[in-house]
Amino acid sequence: MASSARPDPGNYGICRQARPRHTLGSGPICPLYSDTHGKLMELAKVRNIGISAHIDSGKTTLTERILFYTGVIHKIHEVRGKTEAGATMDSMELEKERGITIQSAATFVQWKDTFINIIDTPGHVDFTVEVERALAVLDGAVLVLCAVAGVQSQSITVDRQMRRYNVPRVAFINKMDRSGADALKVTKALRDKLRHNAVLVTYPIGAEDDFRGVVDLIERKALYFDGDNGENIRTEEVPEDLKDTVEEYRERLVEVLSDFDDDLAMMFLEGEAAEVTPDQLYPVIRKATLSLELTPVFVGSAFKNKGVQHLLDGVTRYLPNPTEVVNQAYDVDQDNTQVDLETRDDAPLCSLAFKLEDGKYGQLTYVRIYQGTISKGDTLYNARTKKKVKIGRLVRMHSNEMVEIEGAGAGDIIALFGVDCASGDTFTDGQRNYSMRSMFVPNPVISYSITPKNKSNLGNFSKALNRFAKEDPTFRVSRDEESGETLIAGMGELHLEVYIERMRREYKVDTIVGEPQVAYRETITRETPFMYIHKKQTGGSGQYAKIGGVMRPLPEDSEATEYNFIDKIVGGKIPREYISSCDNGFQQGLTKGVLIGFPVVDVEMEINDGGYHQVDSSDMAFQIAARATIKDTMPKAGPQLLEPLMKVVVETPEEFQGTVQGTLIRRRGNIVGSESHAGTSAIEAHIPLSEMFGYSTELRSCTQGKAEFSMEFERYGAVPRNIQEELMKKYKDGKRVE
C-alpha cells in the first residue's frame, strides 16, 4: 500500500493538507453559488479540480466531453484542427495550430447537483508552471494516462507536483480504443512507477477496436454509451464471459479497502467479500482518496465518448469539496505564524492571485478565494504591495469566454479585471494581514538574445516582454551588460518559440533571435581558506576591511540550496553591523564565476577572522572585500563548470530502437533505461541540454517521422574537461558561450 506520509509543502507553496471536516451534504451554505434555477448550493456540492497528464494523453479531449455532457457546449470540437473551431479549451490560435495546450484554461460546469470548477492544464514540460500554479490552488485532480503508453515522463512530473501540494486524485486510463490498450498494465505501472495504491473501480468491456463500455465494479453493472456522442447511458447486467473476472477484481478492491475499514477487513477475512454492498464501499473509497492513500482508477475513451460520465460521478463522489482541505496562510502581524483558513463566507477575506492573463478583454487576474467573499465594487488589500484596489468587474471564465457575476464566496475560483498585481499576491479585506506563499517556480535552463528587426517597434517589443514576464514566472527577461543585448530565458526551445511567435502575432513585432544559450553554472570542488584585506586611501576617510575564513563546497546534508553563509566571528574582530555586509558581498560575487562568467552555486562561505578600522571601515568596504574574496579564492578552490542535464524520453517503433539509441549516445547521452510494449520502445536518457538543439529534426529524419520525444530538466552535472576548456577559451576570446 502506498505510504501515507506526505512531504512538507512549506518550501514550495501553499500549505495545505487533506482533512475531512464535513460529510457530504452537511457543509456550510455558500450564498454566492447558484445554479440556473437560482437554487442555493452547498459547499459540499462544489469541486475545484485540475486535469493533468503527459502530453497527448487526451486531457483537452476529455475536458471537451465533460463540457458536452454537462450541457455547457452543444457540439463537440476536436483537438488538432480536425474542425475549424478547434477544441473549446484551446482558445489561442497557436494551440489550435499545434494541437497542444499552452496555457491552462478555466471553466465551470454542473454535473447533476454538483458545481465543478475545472482547469485544463498543458502536458508539455516547457509549460510546467501552468500545471504548478493550477495545482497550487485546486482541491483535487484527475490524472489522465494513455492506455497504451501508460506512465510516461511527464506523468511522473505531474504526480510529483500533485504530491507537492497534497492534491487527492483519481486516475483515468484514456484511449482504451487504441491498438495495444491495456488497463491492467497501466494500473500496475501506477503502483510500480508512481507508488500509488491504485485500484480499478471500473473494468473495460473489451479493448482496442472491441472496446464497448465499462463495468462498474462497485455496483456490478455494465455501462454502455449509446447515441452519436455516447450521451445515452445503457445499464445492463455484466456480460456472462466477464462475470468471473469482475468478481475477481471486485474482491481485489475489497481487499485493498479493508486496510481502511475494520468492518470490511472482517468481512474479507471471513470470506464474505462478495457480500459487501456498494453503500459500504463508497465512503471508504472517499476516505482513503482524501487521505492520499488510495487512487481510484477509471477506464474509458474520451475520443470514442465512453466512460466520461462515470468518471464525473467519481469526481463528485471521491474528490474533496473546499471544506475538506485545510489551507494555511501566514499572519504577518504575528511573526508569520501559520493560521488555518476557514472555508466560510463570514470569515475575513483571504484569496490568492495565482495566474495573470492579458486577453481580448484586457488584464485578467485569476483568484482562488479561500475564505470570505468578493463582490463587485469591493475594495481589496494587496498584502505584498500594501495597496488597495477596487473591484470593477467580476467574472467566471469559460476558456476565453466569460460570465459576469455579482460576487463569489469561499472555495470559488473567479477572475478580476483591472487589478495591478503579480502572480502569487495575496488579497484580503484589510481585517487580517495574511500572506500566502507563492507556488514553486523552476529556474529557466535556456536563453536567447533577441532584438526587434525594426527599431520603430521598440515600444511594442518592451510591452510584449513586460506582459509575458508578468504572466509567466518561468519567462525571464534580462540585459547582458557587456553586449547590451536583451536576453529572454525559459524552460525550453518550444517555450521561447511560442513567446516569439506570440510577439509577432499579437504585437506585430518581428524579431532577430540569436543562438540559444545554455544556463551553465559554476561551482568549486575543494575547501580553501582565505584572508583578504581591502585597503584604499583617498582624500579624507579611506576604505578598510579584512575578511578571513573558508570557502568550501556546500555539504550534501545542508538544508541550504546553492549558497550558505556561516558566521563564526568571535571577539568583535568584525563588528556585528558588518557581518551582513560580508554575506551580501559574497552573494554579489557569486553571481559571476571565474571560468565563463556564469553564476556560482553550491558554495558555503564561512568567516572566522577579520579586522576593521574605526574610521575607514564601512558597509561598502566590507561588501567590496567580500566580492574580491570570491574572485581571489575561487581559482584556488578547484572551479568546475556545470551544465543542465535533461531527462529525455524517446518513444519510437521498435524497428528504430537501435538507431535512436545511437543518436542519443552521439549527443553525450547516458541511457538509463528502456522498455517495450505493443511494438513501441520508450528509451530514457540523461543528455546535456547543449547537445539537444536540433534533435527533433534528426529524430524525424531517422525514424520516418514516427518517433517523438519529451525533455525536462533533471539536474546539473559536471562538464567534461575538454569541453570546459573549449568554453573557457571562447569566453576568454570574447565570444558568446552557447
Side-chain angles (χ1 to χ4, degrees), residues 52-59 98-101 121-128 131 143-162 173-175 178 180 182 185-186 188-190 192-196 442 445-446 491-495 643-717:
S52 303
H54 183 90
I55 189 171
D56 207 24
S57 293
K59 300 178 306 304
R98 292 174 179 258
I100 62 172
T101 301
T121 61
H124 199 287
V125 70
D126 282 17
F127 309 105
T128 189
V131 185
L143 176 62
V144 183
L145 301 160
C146 174
V148 180
V151 174
Q152 298 168 274
S153 58
Q154 190 65 4
S155 310
I156 297 170
T157 301
V158 167
D159 180 68
R160 185 167 63 243
Q161 292 170 315
M162 290 180 182
I173 300 176
N174 194 21
K175 302 190 177 183
R178 281 187 56 190
D182 188 339
K185 177 185 77 75
V186 178
K188 184 176 185 300
L190 265 173
D192 296 343
K193 292 185 177 181
L194 298 183
R195 299 292 186 265
H196 282 222
V445 296
I446 184 175
M491 302 306 298
E493 287 181 279
L494 177 61
H495 188 209
E643 62 185 349
L645 298 179
M646 312 302 287
K647 181 173 81 172
V648 178
V649 178
V650 183
E651 295 185 7
T652 177
E654 286 183 342
E655 60 187 292
F656 300 113
Q657 182 175 357
T659 303
V660 169
Q661 287 181 339
T663 66
L664 298 174
I665 292 170
R666 282 198 302 275
R667 291 174 179 263
R668 292 200 283 132
N670 175 30
I671 295 175
V672 296
S674 66
E675 58 180 47
S676 297
H677 175 72
T680 299
S681 290
I683 306 165
E684 181 179 336
H686 294 167
I687 307 178
L689 175 61
S690 59
E691 301 288 345
M692 286 302 296
F693 299 126
Y695 183 63
S696 57
T697 302
E698 181 184 4
L699 184 64
R700 281 196 300 270
S701 175
C702 70
T703 63
Q704 301 171 13
K706 297 178 181 178
E708 59 182 30
F709 78 99
S710 63
M711 179 174 71
E712 66 178 303
F713 174 74
E714 176 70 17
R715 59 183 170 83
Y716 272 94

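Every heavy atom of this structure was used, including side-chain atoms; hydrogens, water molecules and symmetry mates were not.
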Where do Lys193 and Ser155 land on the side-chain contact (heavy atoms from CB on, under 4.5 Å) test, with the steps shown first?
CA-CA 10 Å; Lys193 292 185 177 181; Ser155 310; over 6 Å; no

Derivation and outcome, salt bridge (Lys or Arg N to Asp or Glu O under 4.0 Å), residues Arg715 and Glu643:
CA-CA 8 Å; Arg715 59 183 170 83; Glu643 62 185 349; over 6 Å; no

Should Val648 and Glu684 be marked as a side-chain contact (heavy atoms from CB on, under 4.5 Å) after you check the CA-CA gap, both sets of side-chain angles, and the distance that decides it?
CA-CA 6 Å; Val648 178; Glu684 181 179 336; over 6 Å; no

I would like to know whether Val649 and Phe709 meet side-chain contact (heavy atoms from CB on, under 4.5 Å); could you show each step before the answer?
CA-CA 5 Å; Val649 178; Phe709 78 99; over 6 Å; no

Assess the residue pair Ile687 and Arg667 against the criterion (side-chain contact (heavy atoms from CB on, under 4.5 Å)); give the C-alpha distance rounded to whole Å, side-chain angles, the decisive distance to 0.1 Å, and a yes or no.
CA-CA 7 Å; Ile687 307 178; Arg667 291 174 179 263; 4.2 Å; yes

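Ser701 places no side-chain N or O within donor-acceptor distance of the main-chain N or O of Thr697, the cut-off being under 3.5 Å.
Atoms CD and CE, on Glu714 and Met646 in that order, are 9.5 Å from each other to the nearest 0.5 Å. Distance CG/Leu645 to CG/Asn670: 9.0 Å, rounded to 0.5 Å. The distance from the CD1 atom of Ile173 to the CG atom of Leu143 is 9.5 Å, given to the nearest 0.5 Å. Here the straight-line distance linking atom CD of Glu651 with atom OG1 of Thr703 works out to 12.0 Å at 0.5 Å rounding.
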What donor-acceptor contacts under 3.5 angstrom involve side-chain atoms of residues 656-666, with partners at least two apart or in another chain?
from	atom 1	to	atom 2	distance (Å)
Gln657	OE1	Ser681	OG	3.1
Thr663	OG1	Val660	O	2.6
Thr663	OG1	Tyr695	OH	2.9
Arg666	NH2	Glu698	OE2	3.0

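Within the 4.5 Å cutoff, no side-chain heavy atoms of Asp182 are placed close to those of Val148. Side-chain contact between Pro653 and Gln704: absent, with no pair of heavy atoms (C-beta onward) separated by less than 4.5 Å. Using a 4.5 Å cut-off on side-chain heavy atoms (C-beta onward), Ser57 and Gln152 make contact.
Annotation: Glu675, atom CD; neighbour count of heavy atoms from other residues, nucleotides and ligands within 6.0 Å does not exceed 12.
Among all heavy-atom pairs drawn from Asn174 and Gly58, the shortest one is ND2-CA, 3.6 Å. Closest of all the heavy-atom pairs between Ala147 and Lys175 is CB-O, 3.6 Å. Minimum heavy-atom separation, Leu190 to Val151: N-CG2, 3.9 Å.
By the salt bridge (Lys or Arg N to Asp or Glu O under 4.0 Å) test, Arg160 pairs with Glu712, sequence neighbours left out.
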